[in-house]
Structure formats: C-alpha cells, structure tokens
Amino acid sequence: MTLHQNLIAGEWVGGDGVANINPSNTNDVVGEYARASAEDAKAAIAAAKAAFPAWSRSGILERHAILKKTADEIMARKDELGRLLSREEGKTLAEGIGETVRAGQIFDFFAGECLRLAGEVVPSVRPNIGVEITREPVGVVGIITPWNFPIAIPAWKIAPALAYGNTVVFKPAELVPGCSWAIVDILHRAGLPKGVLNLVMGKGSVVGQAMLDSPDIQAITFTGSVGTGKRVATASVEHNRKFQLEMGGKNPFVVLDDADLSVAVEAAVNSAFFSTGQRCTASSRIIVTEGIHDRFVAAMGERMQGLVVDDALKAGTHIGPVVDQGQLNQDTDYIAIGKQEGAQLAFGGELITRDTPGFYLQPALFTEATNAMRISREEIFGPVAAVIRVKDYDEALAVANDTPFGLSSGIATTSLKHATHFKRNAEAGMVMVNLPTAGVDFHVPFGGRKGSSYGPREQGKYAAEFYTTVKTAYTLA
Ligand code: ADP
C-alpha cells in the first residue's frame, strides 16, 4: 500500500505509516498515512516562516488562481472525495459528497475574497493628515482540526489563511488523514510555492503540542474538544499569539405546542442523529412543552423506526457507524449513565451488527430527562438525545439557555412572537427557526459563545478578523 506522506517545505517526506481504518468495516484499510514527529513539525514551522515574506506580498491574482483551481478540482472529484470521506469517517455517502461540495464552495468563496481585499481611507482629526486602515496577514498560522468534518473544517481554515496571505502548518485529526492529504495534494499541484502550506499528520500530543510550544506560530485556529482547546489557549497566551477555538456544544432544540409536528420531528431527528450525532452543532437536548409532548415523542419513535443504520457507503443508509471504538464506548457509557440517572430509554441505544464489522449503534432517545442530568449537561457526541418536558415557552427558553455551552439553538414553532423572542434571547452564536440545529451556509459566520467558542467567527467575510491584523497608517499631506 502506498504511504501518503507529509508535505514539508514543498517536499513529500516519509515517516512511520499508520493505517486509516473504515469504521463501517474495520477489515477495510483506507490507506497508510505517515506519522510526523516533533522534529517534522519544527521543520514545517521553519518552512512556513521562511515562505511568509514572499507569500504575504504575493499578488492577489496568484492567490485567487490557486484557490480557484483547488475549488474546481474538488468539485470535479466530489464523488471520489466524498466516498473517501464516508469511508474514513463513517458519515453517509450523501453527507460525504455534500461536505465535499461545501469544501469546494469554500475555496471558491475565498478565491473571490482575494480579489475583494480592501481597506478604508478616513480623514484625520488633525489637519493635512490622511489615515489609511488596512489588513495584513498575521504570519504563520497553525491549523488543528478534529475528525468529524474531515474536509469542510480543513477547507474553512486553510482557504482564508492562504487567501489573506498567511503561511500554514496544518495538523489534521489522526483518525481521518485521507481528505486532508487529498486537499493538500490538490493545493500543492495547483501551484502553491514551497513552504506556504505544510502538512504534518500525527498525534496531537506530539505534533500538535510542538505547534503549541513554537514561538514561530503567530496564530492557531483549533476545532476539537474543550480540554485540548484550553491547552491551546494557555499555550497561546504564553506566546502572545492569536487563537481561535471552536469546541463543544450541548445545543437545545425547543418544540412548542404550536409547532407543526412533522417539521418538528424532521428537524429533531436531523439535529440529533444525522452524521451519527457527531456534529458540534447536533442537538442532544430536545425541550418539549407539555401540550405536544406525548404526540411528539410518539412521532419521534415512529420516525426513528424508519432510520436505516448501516455501512456508510451503502445506498439507503441514513445513519452510518460511530467513528471508532473509543467514541462508541463513550456513547454507550452515557446511555448507561442516563438510565442510572432515571431517564427513560424510550427508543434505541442497542449495539447492532451488520454484514461487516463496524461500530454500529441504534440511535437512542431518552424521555423524562431533566436538564440537571449529566446526559443533558455533557457533550456525548453520538446519536443519543434526551427529551426534557417543560410547562411553557418561558421555561423552555430558560432550560435552553441553562448550559455552559452556546453554539447553536433551535426552535420549532408557528408563532412569530415566540420565534422572534427566541432569536433575540437564545444564548448561542447561531439560532435556527423550524430548522435543525446543524446545517449551515458556507458564506456567513459560524461560531458560538460561552464555553463553545473563543475568538472571532469563522467563515464568510468575518474570517478576515482572525486571519488578518489591522494596520493604521498616518501620512502628512
Ligand atoms: P476530538 O478528538 O474529540 O475531536 P481533540 O481535542 O482530542 O478532540 O482533538 C482535536 C484535534 O486536537 C486533533 O487534531 C488532535 O490531534 C489535536 N490535539 C490533541 N491533543 C493535542 C495537544 N496536546 N496539542 C495540540 N493538539 C492536540
């Protein structure tokens, strides 16, 4: 099997190979991927530092052309890359192809942003002086990504980093190096100068830590767990470095008495179980007012019976496997915790077998949960959700906001009054009305508040906040 290597200073370099395993079929090895050392990470950082002066001054047309070419190749290969994604991560083929298209759209968007760079010219408060406000690249950007969006998250960090003239050291999640390798290969062949983008696949504790400890990285953008996010924060403060964190969620989905039942059920099932519940915007707290509660739970049960859990690559599969054994253990541990805490396991939650050995779990719905239970407070990151019964809208809103997190928040209602009030008062970075808590556009800001996120928003033109630094220049006329 060919070894997919790391890219350092424009050269593909080897290392110990690690097998990338298909969670739908653990006998299927997706590929061998090199594991970088701390020394490799240092070499990658040095290469990015050396490449920065030229790249940061490169013309906008060169950057535009490389990002556009990358977008076009991703789009042209969407079926193949989508398949690779589903094979290494376990989300369904439709989800894998959809995510790949989104990555192509992101590169296309930021190719356009290269041509739209602008500043401001304002009058000085003093006579005969002009003031210019411009944005400049930050320097070497470290990119650390999680396993649950193997192509979209790398795309939404790499594309703006390069578009605004930064150089990059990129460390993807160990579980899913395939899509990351593929987009780095595409960008490399699209003509990026040596050292502008470096790929170091490997362990967080080795490669990621070497990045955190380096004084030569000026900004780190991270998506992953709360624990690692805190390490990124602490190390970055130490180095006076910019940092951006996207971490967990415990997103509420509120269902009011006046909701359209089928809209509510579709949105709740999507929020809780699609992509196997492995989205930071997934909803695992479904907060339902008492007038609709029993009808809603019955309809959820019926809808859940129709969900096909199987090999991600099979036609007709709605829910793929859990990503690996460790995550599966976490999911089943939380199912046991929910039962111990007194919630009722109304549907699902069993380990299931299929034709191939994989990490298959029947999506689980608890009822009679309270917001104080651990299953309502801690991020599970699997297809496990709990229904919390409340009296009315006011209680629903209070429960929705009673969480340390604040990424996404949803409501199903036909009341303009409640929808408007919820949009205004939900303590979250993103609010969804009659839509799932997950599933966002690529051209508008993404991010949360409270314990979910830190730093400027990602995506869309708001990405410039993180990937640039502002300069104010004064000139005597
Ligand atoms: P999860 O695996 O739940 O997404 P993690 O925070 O463990 O969350 O992983 C997210 C990313 O952070 C991965 O690329 C991982 O390798 C990386 N990572 C883990 N530990 C460290 C660390 N000590 N320093 C830097 N990066 C790390």
Side-chain angles (χ1 to χ4, degrees), residues 91 95 98-99 102 105 148-149 152-153 156 223 246-289 292 296 299-300 303 363 365 371 376 379-381 383 385-388 390 393-453 457-460 462:
K91 62 182 69 174
E95 290 170 331
E99 188 184 325
R102 183 166 164 208
Q105 289 165 329
N148 63 330
F149 283 91
I153 295 180
W156 84 49
T223 303
E246 289 298 344
M247 302 172 289
K250 197 68 197 172
N251 309 297
F253 184 74
V254 170
V255 179
L256 297 186
D257 285 354
D258 63 28
D260 177 317
L261 188 62
S262 61
V263 167
V265 169
E266 267 325 294
V269 164
N270 178 321
S271 303
F273 306 129
F274 284 13
S275 299
T276 322
Q278 297 173 153
R279 297 184 284 192
C280 45
T281 47
S283 173
S284 51
R285 292 190 299 140
I286 305 176
I287 301 159
V288 186
T289 49
I292 197 171
F296 173 79
M300 283 293 282
R303 180 70 177 81
L365 187 71
N371 201 45
S376 302
E379 189 175 46
I380 301 171
F381 222 63
V387 174
I388 301 168
V390 292
Y393 169 73
D394 290 340
E395 189 184 351
L397 176 66
V399 170
N401 286 337
D402 178 11
T403 167
F405 296 107
L407 187 56
S408 179
S409 193
I411 189 167
T413 179
T414 53
S415 152
L416 180 63
K417 180 178 139 193
H418 287 140
T420 306
H421 190 270
F422 191 77
K423 279 190 277 187
R424 175 68 189 80
N425 292 284
E427 293 170 4
M430 296 173 292
V431 185
M432 311 291 185
V433 178
N434 293 320
L435 287 167
T437 52
V440 296
D441 286 3
F442 65 87
H443 67 310
V444 289
F446 176 95
R449 41 176 97 165
K450 293 158 78 174
S452 290
S453 306
R457 290 287 183 268
E458 303 200 75
Q459 304 193 55
Y462 284 67

Colleague: Checking the side chain of S409 only, and the main-chain atoms of V431 only, is there a donor and an acceptor separated by less than 3.5 Å?
Modeller: no

Colleague: Using a 3.5 Å cut-off and no angle test, enumerate the donor-acceptor pairs between side-chain atoms of residues 439-446 and protein atoms at least two apart in sequence or in another chain.
Modeller:
none

Colleague: Restricting to side-chain hydrogen bond (donor to acceptor under 3.5 Å, both in side chains), what partner residues turn up for T413, sequence neighbours left out?
Modeller: D258

Colleague: Keeping to residues at least two apart or across chains, list the ring pair (Phe, Tyr, Trp, His ring centres under 6.0 Å) pairs with something in residues 252-280.
Modeller: none

Colleague: Do the non-hydrogen side-chain atoms of L365 and V387 ever get within less than 4.5 Å of each other?
Modeller: yes

Colleague: Could you work out, with salt bridge (Lys or Arg N to Asp or Glu O under 4.0 Å) as the rule, every residue matching D402, not counting sequence neighbours?
Modeller: R377

Colleague: Will you find, in the side chains of T289 and D257, an N or O donor that is under 3.5 Å from an N or O acceptor?
Modeller: yes

Colleague: Can any side-chain N or O of E246 pair as donor or acceptor with the backbone N or O of S453 at less than 3.5 Å?
Modeller: no

Colleague: List for me each residue that meets salt bridge (Lys or Arg N to Asp or Glu O under 4.0 Å) alongside K450, sequence neighbours excluded, and say none if there are none.
Modeller: E427

Colleague: I need the full list of salt bridge (Lys or Arg N to Asp or Glu O under 4.0 Å) pairs touching residues 406-417, with sequence neighbours left out, sorted by first then second residue.
Modeller: none

Colleague: Residues two or more places apart in sequence or in another chain: which of them pass salt bridge (Lys or Arg N to Asp or Glu O under 4.0 Å) with R303?
Modeller: E266

Colleague: Just jot down the side-chain hydrogen bond (donor to acceptor under 3.5 Å, both in side chains) partners of S262, sequence neighbours excluded, or say none.
Modeller: D260

Colleague: Using atom types as modelled and distance alone, determine if a side-chain donor or acceptor of N401 lies under 3.5 Å from a backbone N or O of N425.
Modeller: yes

Colleague: Does T223 have any side-chain hydrogen bond (donor to acceptor under 3.5 Å, both in side chains) partners at least two apart in sequence or in another chain, and if so, which?
Modeller: K157

Colleague: At what distance, to the nearest 0.5 angstrom, does CD1 of I411 lie from CG of L435?
Modeller: 12.5 Å

Colleague: Ignoring hydrogens and angles, tell me if any N or O in the side chain of S283 forms a donor-acceptor pair with the backbone of R285 under 3.5 Å.
Modeller: yes

Colleague: Sequence neighbours left out, what passes salt bridge (Lys or Arg N to Asp or Glu O under 4.0 Å) with E99? Give chain and number order.
Modeller: K91

Colleague: S271 side chain to A282 main-chain N or O, any donor-acceptor pair under 3.5 Å?
Modeller: no

Colleague: Determine whether M430 and N251 satisfy the following criterion, side-chain contact (heavy atoms from CB on, under 4.5 Å), listing intermediate values before the conclusion.
Modeller: CA-CA 10 Å; M430 296 173 292; N251 309 297; over 6 Å; no

Colleague: Can you pull out every ring pair (Phe, Tyr, Trp, His ring centres under 6.0 Å) where at least one residue sits in residues 413-435? Sequence neighbours excluded, please.
Modeller: Y393-H418, Y393-H421

Colleague: Which residues pass the ring-ring contact (aromatic ring centres under 6.0 Å, His included) test with F381, not counting sequence neighbours?
Modeller: W147

Colleague: After noting the C-alpha distance and the side-chain angles of I286 and M300, does the key distance pass the side-chain contact (heavy atoms from CB on, under 4.5 Å) rule?
Modeller: CA-CA 11 Å; I286 305 176; M300 283 293 282; 4.2 Å; yes

